[in-house]
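In listed order, ligands and their atoms are each counted from 1.
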Amino acid sequence: MSRQQHRSLVCLAEEMSHTLAVEKMNLLVLPSILLVISTAHAFQYAELAQYIDSHQEEYVEVLRNWVAIESDSSNILKRPDLHRMMEITAQKLRLMGGTVELVDIGVQELPGGQMIALPKVVTAQFGNDSNKHTVCVYGHVDVQPAKLEDGWATDPYNLTDINGNLYGRGASDNKAPVLAWIHAVEAYQALNMELPVNVKFLIEGMEETGSNGLDAMILAQRDTFFSDVDYIIISDCSWLGQRPALTYGTRGNCYFFAEVEGPKQDLHSGVYGGTVIEPMTDLIGILDTLITPSGKILIPGIREAVAPLSDEEWKLYQDIDFDMDNYKNKIGVSQLMYSNKVDLLAHMWRYPTVSIHGIEGAFSDPGTKTVIPAKVTAKFSIRQVPNMDPAVVKKQVSDYLHSVFAKRKSPNKLKVTMVIGAKPWLADTQHPLYEAGKAAAKTVFGMDPDLIREGGTIPIARTFQDVMEKSIIMLPIGGFDDGLHSQNEKISRYNYIEGTKLFIAYLNEVAQIKKTVM
Ligand SMILES: *[C@@H]1O[C@H](CO)[C@@H](O)[C@H](O)[C@H]1NC(C)=O
Ligand SMILES: *[C@@H]1O[C@H](CO)[C@@H](O)[C@H](O)[C@H]1NC(C)=O
Ligand SMILES: [Zn+2]
């Protein structure tokens, strides 16, 4: 799309949302008159919203059934549960009359060389009207691991309502948002209202472990399932505060293994300590050269690649609903890296950072063990932002670690590998998809949403943007304190139910986007 086309598109969208705003006002003041002048396709938001409210308990029950399935994609022992989760998702969509496929995406090779079937990907379609836009909702129904012993207050697979919060693994990430989309479509159907756009679903079961096989599946269906898709909607993220939010960027991630190997076997520190250069000492030494205590990344070239913060961004961050104390309390620290909101948000979203995750081969059990590990492998990652390039970062990190290691003059061997290289994603917030999001938030919550980014990584967004050339919006409904991937994950009833209404309103707003210039 040219700049000019784009500008006229934005104008059109604005014009349209003004007209809609006027209609909504009429609806409030003079409902009977509006009824007379409205066409058959007038948006009956109140009826739909009321339908959602009156089916709230049912929606919580479905979520309970979904959370009860331990669809942990990282644990191969849970693979049968994951397969069942995909079947149940497909069945739910089938019962609604969708055109549903369970797409085989092949096998996963385990470290031992064994092969195990990947969970099938669910695709579904509702509506096939070429005069309408077609949106594709992406979501996932696999979850992170969770055990009661990890410090959960309730059984993570038994959805528990405490003061209007629904606790359970996967409740917010991403089962409730997937269900909210399904219920949004169901509500239109139940009230015999035509869907304002064609709705497709793409639901996978490997998101938490890197979406194995999904890219290939999407590419293979580029000219079939995806050929008529205009827009991709992803609801796999959260709000930042109490206000609804539209997410327009995510960080990427480069994940590294740094392995230091020394003696041919583990050694007794009393017998051999003092006579060998220990791999662990080497490893800790080089890890400590990655980042300073104040968060400055020391790997040459990384900071230079980062796009500078613009004045517009600075202003945008200033206005965002974000409570620093709340954030601090939520994570339970006495001090944050930055003491003002703009710096903190910028470092959360649009600057890179190094995180050290663990050391394989290191002694980590309770008690004392006087071992010198023979081989240790550090796991660390660097979050990626525009304009960093994972291929370049890979070389920068490897060259740098080898150079600092060389200075140690150690006889041990260092091996650096990059195992994940996911690019960041950034959307144009002037795109009609975002204008539609603002209008939908106004309808449901009566306020403008915050435009936010996400510090985490959703690699599939890049595939859709670069390879499939589709426009994407991230439309979250989860709360800022939902504890994704953590103990006591939850979603509030409020976010679940109002979020369903948001999706209903959003479909209507997308239908207003002018079709011809797309
Ligand atoms: C959608 O409509 C087209 C054209 O009428 C048809 O070829 C196609 O099979 C339909 N697809 C589905 C899923 O109904
Ligand atoms: C879930 O928790 C509730 C409340 O503690 C309990 O009554 C119920 O039996 C539990 N269900 C399962 C399947 O464990
Ligand atoms: Zn997720």
Side-chain angles (χ1 to χ4, degrees), residues 57 60-75 81-82 84-86 88-89 119 121-122 137-149 152-182 201-212 214 232-240 245 247 249-253 383 420 422 425 452-464 472-491 495-496 499:
E57 290 312 317
V60 172
E61 275 317 298
V62 184
L63 180 60
R64 188 184 313 286
N65 296 337
W66 278 31
V67 164
I69 300 169
E70 291 190 44
S71 50
D72 172 357
S73 54
S74 68
N75 182 349
D81 298 80
L82 188 50
R84 193 156 58 90
M85 189 69 234
M86 305 319 296
I88 284 173
T89 306
V121 169
V122 178
V137 173
Y138 160 85
H140 67 89
V141 289
D142 61 317
V143 299
Q144 288 274 322
K147 291 197 295 272
L148 190 58
E149 310 87 270
W152 281 70
T154 58
D155 174 355
Y157 295 103
N158 182 354
L159 193 77
T160 308
D161 186 341
I162 302 174
N163 299 328
N165 284 320
L166 305 165
Y167 290 90
R169 171 57 85 222
S172 186
D173 183 13
N174 181 228
K175 288 177 174 175
V178 168
L179 280 171
W181 273 113
I182 292 175
F201 284 91
L202 172 71
I203 313 291
E204 68 154 324
M206 286 299 283
E207 195 276 342
E208 300 294 1
T209 51
S211 295
N212 315 36
L214 189 65
I232 306 284
I233 310 172
I234 300 176
S235 300
D236 190 17
C237 40
S238 314
W239 295 357
L240 188 69
T247 308
T250 57
R251 289 195 289 193
N253 201 14
R383 291 288 164 178
I420 297 172
W425 166 78
I452 65 170
R453 293 208 207 180
E454 177 83 29
T457 306
I458 304 177
I460 203 65
R462 277 303 290 237
T463 306
F464 282 123
I472 304 152
I473 184 169
M474 293 197 188
L475 187 60
I477 60 168
F480 73 96
D481 56 354
D482 281 0
L484 316 185
H485 296 199
S486 186
Q487 293 91 344
N488 302 317
E489 178 183 347
K490 60 92 178 158
I491 188 160
N495 283 59
Y496 184 26

Qualifying residues under salt bridge (Lys or Arg N to Asp or Glu O under 4.0 Å), relative to E149, sequence neighbours excluded: none
E208 and S74: side chain donor to acceptor below 3.5 Å: no
Test log, rule side-chain contact (heavy atoms from CB on, under 4.5 Å), inputs L63 and I491: CA-CA 10 Å; L63 180 60; I491 188 160; 4.2 Å; yes
Atoms of type N/O/S from protein, distance to the Zn ion (ligand 3) below 2.8 Å: 4
Neighbouring residues of ligand 2, heavy-atom cut-off under 4.0 Å: N158
Salt bridge (Lys or Arg N to Asp or Glu O under 4.0 Å) against D72, all qualifying residues, sequence neighbours excluded: none
Any donor-acceptor pair under 3.5 Å from N65 side chain to V62 backbone: no
Check: E70 main-chain N/O paired with R169 side-chain donor or acceptor under 3.5 Å: no
Main-chain N/O of D81 paired with S71 side-chain donor or acceptor, under 3.5 Å: no
Flag, side chain of D236 to backbone of H140, donor-acceptor distance under 3.5 Å: no
D142 and S73: side chain donor to acceptor below 3.5 Å: yes
